[in-house]
Participant: 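Structure incoming, see below.
For reference, positions follow the sequence shown, starting with 1. No hydrogens, no waters, no symmetry mates; every other heavy atom, side chains included, goes into these values.
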Amino acid sequence: MKFLVCISNVPDTTTKITFTPDNKEFNKAGVQFVINPWDEYALTRAIELKEAQGSGTVTVLNVGEADTEPNIRKALAIGADDAIRVNAAPKDAWFVAQQIAHYAKEGGYDVILMGKESIDYNGFQVHGMVGELLGIPTVAPAMKLDMSGNTATLEREIEGGKEIVEVAAPFVASCQQPMCEPRIPNMRGIMTARTKPLKVVEAVGEGAATAVAEYQLPPKKQGVKLIDAANAGELIKLLRNEAKVI
């Protein structure tokens with residue numbers, strides 16, 4: 001069985017967010033990038049399923065420029081067999097979905113996995129677009145994934161509970177915890193990752209369907225006002241007129 005795991009390159013969660021002077025692009029200067037944490041669930045589970053079956057391949061795909069390659073190599077060190085990098089900036093979800101769908105179809109993959117969303121934009125869009133472009137089922141967000149032959153059983157989070165579904169490959173699934181315990185590379189994995197294939201391909205299809213008009217940081221937190229416990233009237237006045245919560 002051929003697994004395709006889509007990974008994105010995102011700022012570390014401790015990063016202080018700033019933008020370029022025109023507020024149209026994220027400022028990458030001095031930022032440490034990591035594999036999107038949700039994608040690590042997808043990657044680890046694909047490797048586990050391949051190991052359980054005793055055969056198959058796990059390919060990672062990233063839409064990004066050359067600076068994403070260290071994290072692609074990290075994915076190879078974790079256990080993926082090979083990688084594809086689409087040589088283009090991931091401008092929006094539609095553009096990224098087109099790249100994934102094209103190369104997934106070209107490679108004849110059985111299972112396409114990714115995180116439920118990226119932690120930088122939290123779009124929750126790409127998996128559904130990929131499934132639609134390929135004309136195959138999409139299950140999202142999946143908390144559990146097991147395979148028996150060509151059939152997958154997935155546990156999906158729904159409002160107020162969970163849903164268990166079965167689907168035949170090929171299909172797309174987006175992943176979240178508690179699907180598995182994400183792996184970290186060991187020394188052997190790091191050494192072998194250096195020689196695993198990393199294919200660079202050019203982007204296809206249409207360009208981005210959307211463009212960023214402006215980014216805005218949230219307003220700075222205001223100072224705290226302390227009100228004497230005996231002055232309930234003043235507290236109510238402030239909650240009504242300033243905080244506007246009553």
Participant: Side chains of Glu206 and Trp94, heavy atoms from C-beta outward: is any pair under 4.5 Å?
Facilitator: yes

Participant: What are the two closest heavy atoms between Ala104 and Ile112, and how far apart are they?
Facilitator: CB-CD1, 3.6 Å

Participant: Write down the atom of Ala152, the atom of Leu145, and the distance for their closest heavy-atom approach.
Facilitator: CB-CD1, 3.8 Å

Participant: Please tell me if the side chains of Arg188 and Met191 come closer than 4.5 Å, counting only heavy atoms from C-beta onward.
Facilitator: no

Participant: About how many Å separate CD of Glu202 and CZ of Arg85, when rounded to the nearest 0.5 Å?
Facilitator: 8.5 Å

Participant: Is there a side-chain contact between Ile84 and Thr59 in this structure, where contact means two heavy atoms from C-beta onward sitting under 4.5 Å apart?
Facilitator: yes

Participant: First locate atom CE of Met147, then atom CZ of Arg45, and finally report the distance between them rounded to the nearest 0.5 Å.
Facilitator: 10.0 Å

Participant: Check whether any side-chain heavy atom of Gln216 lies under 4.5 Å from a side-chain heavy atom of Asn23, and answer yes or no.
Facilitator: no

Participant: Is it true that atom CD1 of Ile184 has more than 12 heavy atoms of other residues, nucleotides or ligands lying nearer than 6.0 Å?
Facilitator: no

Participant: What's the separation between atom OG1 in Thr20 and atom NZ in Lys28, rounded to the nearest 0.5 Å?
Facilitator: 11.5 Å

Participant: Can you tell me if Glu132 has over 12 outside heavy atoms packed within less than 6.0 Å of its CD?
Facilitator: no

Participant: Got a donor-acceptor contact below 3.5 angstrom from the Lys244 side chain to the Asn241 backbone?
Facilitator: yes

Participant: One pair to check against side-chain contact (heavy atoms from CB on, under 4.5 Å): Phe26 and Val31. What are the steps and the verdict?
Facilitator: CA-CA 10 Å; Phe26 173 69; Val31 174; 3.9 Å; yes

Participant: Hydrophobic cluster membership, with links at side-chain heavy-atom distances under 4.5 Å among I/L/V/M/F/W/Y: are Val63 and Val201 in one?
Facilitator: yes

Participant: Minimum heavy-atom separation for Phe171 and Ala168, please, with both atom names.
Facilitator: CD2-O, 4.0 Å

Participant: Are Phe19 and Lys24 close enough, and set up right, to give a side-chain contact (heavy atoms from CB on, under 4.5 Å), and what steps lead you there?
Facilitator: CA-CA 7 Å; Phe19 301 109; Lys24 291 189 176 182; over 6 Å; no

Participant: Could you grab the distance from atom OH of Tyr109 to atom CZ of Phe3, nearest 0.5 Å is fine?
Facilitator: 12.5 Å

Participant: For the hydrophobic clusters of this structure (ILVMFWY residues joined by side-chain heavy atoms under 4.5 Å, transitively), does one cluster hold both Met1 and Leu43?
Facilitator: yes

Participant: Is there a side-chain contact between Asn36 and Glu117, using heavy atoms and a 4.5 Å cut-off?
Facilitator: no

Participant: Does any part of the side chain of Arg73, heavy atoms only, come nearer than 4.5 Å to the side chain of Arg194, both counted from C-beta?
Facilitator: no

Participant: For the backbone of Arg183 and the side chain of Thr44, can you confirm whether one donor and one acceptor N or O come within less than 3.5 Å of each other?
Facilitator: yes

Participant: Would you check, one step at a time, whether the test side-chain contact (heavy atoms from CB on, under 4.5 Å) holds for Thr138 with Met129?
Facilitator: CA-CA 9 Å; Thr138 299; Met129 292 180 180; over 6 Å; no

Participant: Could you see if Val111 belongs to whatever hydrophobic cluster contains Leu154? Use Ile, Leu, Val, Met, Phe, Trp, Tyr and a side-chain cutoff under 4.5 Å.
Facilitator: yes

Participant: Check whether any side-chain heavy atom of Val200 lies under 4.5 Å from a side-chain heavy atom of Glu69, and answer yes or no.
Facilitator: yes

Participant: Between Ser174 (side chain only) and Ala140 (backbone N and O only), is there a donor and an acceptor less than 3.5 Å apart?
Facilitator: no

Participant: Any chance you could measure Leu76, atom CG, to Asp81, atom CG, to the nearest 0.5 Å?
Facilitator: 8.5 Å

Participant: Would you check if Glu48 and Met179 make a side-chain contact, meaning some heavy-atom pair closer than 4.5 Å?
Facilitator: no

Participant: Parallel, tilted or perpendicular: which describes the rings of Tyr121 and Tyr215, with under 30° parallel and over 60° perpendicular?
Facilitator: tilted

Participant: Give me the atom names and distance for the closest heavy-atom approach of Ala66 to Pro70.
Facilitator: O-CD, 4.2 Å

Participant: What's the separation between atom OG1 in Thr18 and atom CG in Leu217, rounded to the nearest 0.5 Å?
Facilitator: 8.0 Å

Participant: Look at atom NZ of Lys196 and say whether more than 12 heavy atoms of other residues, nucleotides or ligands are closer to it than 6.0 Å.
Facilitator: yes

Participant: I need the minimum non-hydrogen distance between Ala46 and Val58, along with the two atoms involved.
Facilitator: O-CG2, 3.8 Å

Participant: State plainly whether one hydrophobic cluster holds both Leu4 and Val96, where clusters connect Ile, Leu, Val, Met, Phe, Trp and Tyr through side-chain heavy atoms under 4.5 angstrom apart.
Facilitator: yes

Participant: Walk me through it: do Glu242 and Lys225 pass the test side-chain contact (heavy atoms from CB on, under 4.5 Å)?
Facilitator: CA-CA 11 Å; Glu242 291 193 17; Lys225 291 185 177 180; 2.9 Å; yes

Participant: Of all the heavy-atom pairs spanning Ala80 and Val60, show the shortest one and how long it is.
Facilitator: CB-CG1, 3.7 Å

Participant: For Ser8, run the side-chain hydrogen bond (donor to acceptor under 3.5 Å, both in side chains) check against Thr68, Asp39, Asn71 and tell me which one passes.
Facilitator: Asp39

Participant: Kindly say whether Lys2 contributes a backbone atom to a donor-acceptor pair with the side chain of Asp110 at under 3.5 angstrom?
Facilitator: yes

Participant: Give a yes or no on whether Tyr41 and Ile7 share a hydrophobic cluster (residues Ile, Leu, Val, Met, Phe, Trp, Tyr; joining criterion: side-chain heavy atoms under 4.5 Å apart).
Facilitator: no

